[in-house]
Amino acid sequence: MEMSQYLDIFIEESKEHLQSMNQQVLLLEKESDDLSIVQEIFRSAHTLKGMSASMGFEDLANLTHIMENVLDGIRNEKLAVTQNLLDALFVSLDHLEEMVLSIGNGGDGKKDVKDIVGLLYSIEAGTSDASQKKLQVGNKASHAVFDEYEMTILKQSLEQGYFSYQISVELREDCLLKAVRAYMVFETLEQMGEVVNSTPPVDHIEQEKFDREFQVTLISKEKSETIQNSLLKVSEIDRVKIESLKAESLVLNGPEVQSTETDHPASREQPQEKPVQKSSAGPAASKTIRVNIDRLDRLMNLFEELVIDKGRLEKISKDLKSNDLNETVERMSRISSDLQDIILNMRMVPVDQVFNRFPRMIRGLAKDLGKTVSLEITGAETELDRTVIDEIGDPLVHLLRNSIDHGIEKPKKRLAAGKSEAGTIHLRAYHSGNHVFIEIEDDGAGINRHKVLERAIERGIVSRELSKDFTDKQVNELLFASGFSTAEVISDISGRGVGLDAVKNKIESLGGSVTVDSAEGQGSLFSIQLPLTLSIISSMLVKAGEETYAIPLSSIIETARIKQDDIMTVHHQPMMDFRGKVVPLVSLGELFEVPETDRNEKERRSVVIVKKGDKMAGLAVDSLIGQQEIVLKSLGNYLASVFAVSGAAILGDGQVALILDCNSLIK
Amino acid sequence: MNGQEIKVIVFQLEDEEYGVNVHQVKSIERVSHITRIPRTPGFVKGVINLRGIVTPIIDLRSRFGMEEKQADENTRMIIVNTDDMEVGLIVDAANDVLDIPAGEIEPTPEVAGGINAEYLDGVAKIGDRLLILLQLEKVLNREEVTQLHVIGNQG
């Protein structure tokens, strides 16, 4: 069967299921007696099994199958939730993830899962070693048997006036492509209702592991004759037998088969419980559609074109001075800014997409390091542009690892310091103005000023004399210097001191900034500030000589005009007075070697005061053109890093203007 | 030889004719306004707006150490695409498309047309025309851009 068209969906959904399983297993670790969680995991595992079997990924299907058995054991209270079992589940999830990833990268998703399957088997066997066999026996019985989940569905549908049928289909003896015919049968059935289960299981049927006959349980509103007729239209089918199922005839499989009458009331209660559980556990039902991210990117690109053309129109209408045209263009501008909001919103994704893998990671790391750490996440629903989300994962991982490795102390040390045994890391995200903040706060040892300085001096990052006057803030900044690592033992967890340096670079490349605050003995706080979106920015257009440059408004404090006489010189560096502060004055024309015009003869000069953090500089330009929305475009791969230029924008007249990167202008 | 042919776009620099594989050529443009990029090596002329895509432009003459030439009505920008990079090459003229039998391509002599052999893919003789085939990956070596860029910064 040609499955490649479903592959993307398969991978996407598998990832979602894995993520949800990861989360639920973590929850289960906290509340090991909450069986509704097990139910959730089971459901995901079950779906995953079905999907991977139908896509032909055997190893995936096998592993999920045995996981399902173990989960079933927990659900039926045959197995207790032990640390052992949880670890095994986590390992299996890791394996599954690896396989799905491999499939995503074009691999075959094959992986040796014998070890973990064996482990799960032995866990399962710990209490009911025969249950696997019984299941097989059960399958061969003439009466269809159902697990509890399927039972519930069947009973519910019966109550809601659907019919349940046990359909047995026999293929012709000379049928060559049994799996294909079976697939057609399934497809026909699925058009009329829902297939609940099949004997042998779907994956066996897919692999032609059946003789000539198979049974399917179907929920449908159709009459049995209709179903029979449609099925007989499938060629190479010998015989179709349809039996209607009554509520009383439903039998639970596995160990339940032998269960006594007293068990039945319990399982009867299930249906009433079920809908409540479903509605509370399932995601809130809002009308959504899945859209390929490429399409959104394309929409964004087209919109960017529109913004550029809008700029062109604005220029034309200004030149033509026609009232009608002006009005129309203004109206169009308003609509386009609304449109921009909507499109940007569409590309927003909750940071949860990044955050949700952290609890797993923290758990693993804390275990490896012999520390007890709890991670408190707030604001996971905060939204960020997808491009930012894609990039922010690695820096956050680094910072979190850093907090666990260097921040949180070992339990003994914590107790000695009068703290609780378990360390806490707060991961917070929130909106503020045009920015999103992400904070990582731990209640660990904090930053040791002395140690940091010693290390920095040792590494030649600062000199001893200079370091004496350093404020705490300046000392903390040293952590982000390249080639710096304070952990006494280099561990593979927080790396070799390339970490924080890389974090800083990455975040700055996203147009954000990162700061650290710390109180020794009480913990540290890393704070990341990120722009809401990357691609459309408000900017000030300026001229130097004949060239036009754009300066992002976000890094402009204000503009001023100064007299030539007001320029001072300190150590050959021109300086200017800005509200009582002396700030360096840089000529954009000289900095960028702009071909000379008459710029030095002017009496007064326009200056743009730009900032980086709390540092400022004056940028002398020849003239200010005005404010404009521009679309940030990259200079292309060939010119990956250009001094003090973060990209280019296409202006109203179709020409390209470079966008200044004030961060690299101010050192 | 098995009679395979490669299609090349032919362009001129000084008095020599050069060829690049047609698969690597996206379009051929007339010279339009180029925005200069400060502090880049001399052969990087800047960027243009190529139908909404900001595309870097390099002067092939100056890339190969020849004297630059004022643009005239024959001057063209060949937009090429290699290694995920889109770059425009300024050439004296681009006026021909040729099929070259693979067997006609000879290994590169040490120097051809004053260009170092490492930038060349071979030389093809078509009748009495001599065609120098460029190895774009080398010509558009990014390291050289950044290296020169660093030196430029220091100076």
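Order of the sequence lines fixes the chain letters, A, B, ..., with proteins taken first and strands second; residue numbering starts at 1 for each chain. Note that the coordinates shown come from a computational prediction; the quantities given were computed from them, not determined experimentally. What you see below is based on every heavy atom in this structure, not just the backbone, and it leaves out hydrogens, waters and symmetry mates.
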Task: Check: A/V656 main-chain N/O paired with B/T35 side-chain donor or acceptor under 3.5 Å - done: yes
Open item on the list: I need the residue from A/V645, A/T548, A/L658 with the largest number of non-hydrogen atom pairs under 4.5 Å to chain B.
Closed with: A/L658
Open item on the list: Could you check whether atom NZ of B/K125 has more than 12 heavy atoms from other residues, nucleotides or ligands sitting under 6.0 Å from it?
Closed with: no
Open item on the list: Within the supplied structure, the quantity of interest is the number of heavy atoms (other residues, nucleotides, ligands) at a distance under 6.0 Å from A/K315 NZ; does it exceed 12?
Closed with: no
Task: Interatomic distance, A/E547 atom CD to B/I37 atom CD1 [nearest 0.5 angstrom] - done: 10.5 Å
Open item on the list: I'd like to check the side chain to side chain contact (heavy atoms under 4.5 Å, CB included) partners of B/N81; sequence neighbours left out, ordered by chain and number.
Closed with: B/E86
Open item on the list: Taking side chain as everything from C-beta outward and backbone as N, CA, C, O, which of these in B/I58 sits under 4.5 Å from a heavy atom of chain A? Side chain, backbone, both or neither.
Closed with: side chain
Task: Heavy atoms of other groups near B/E67 CD, more than 12 under 6.0 Å - done: no
Open item on the list: Within the structure provided, determine whether B/R39 and A/L591 are in side-chain contact (heavy-atom separation under 4.5 Å).
Closed with: yes
- [ ] For B/H33, look at atom NE2 and say whether over 12 heavy atoms of other residues, nucleotides or ligands are found less than 6.0 Å away.
- [x] yes
Open item on the list: Tell me the closest heavy-atom pair linking A/F592 and B/R36, and the distance in Å.
Closed with: O-NH2, 2.6 Å
Open item on the list: With side-chain contact (heavy atoms from CB on, under 4.5 Å) as the criterion, how do B/V47 and A/L639 come out once you've worked through the C-alpha distance, each side chain's angles and the decisive distance to 0.1 Å?
Closed with: CA-CA 10 Å; B/V47 287; A/L639 298 169; 4.2 Å; yes
Task: Nearest non-hydrogen partners of B/L140 and A/Y638, listed with the distance - done: O-CE1, 3.6 Å
Task: Interatomic distance, A/Q655 atom CD to B/I48 atom CD1 [nearest 0.5 angstrom] - done: 11.5 Å
Open item on the list: Which heavy atom of A/S634 sits nearest to which heavy atom of B/V54, and what is that distance?
Closed with: O-CB, 3.7 Å
Open item on the list: If I measure from the heavy atoms of chain B, does A/I650 come under 4.5 Å with its side chain, its backbone, both, or neither?
Closed with: side chain
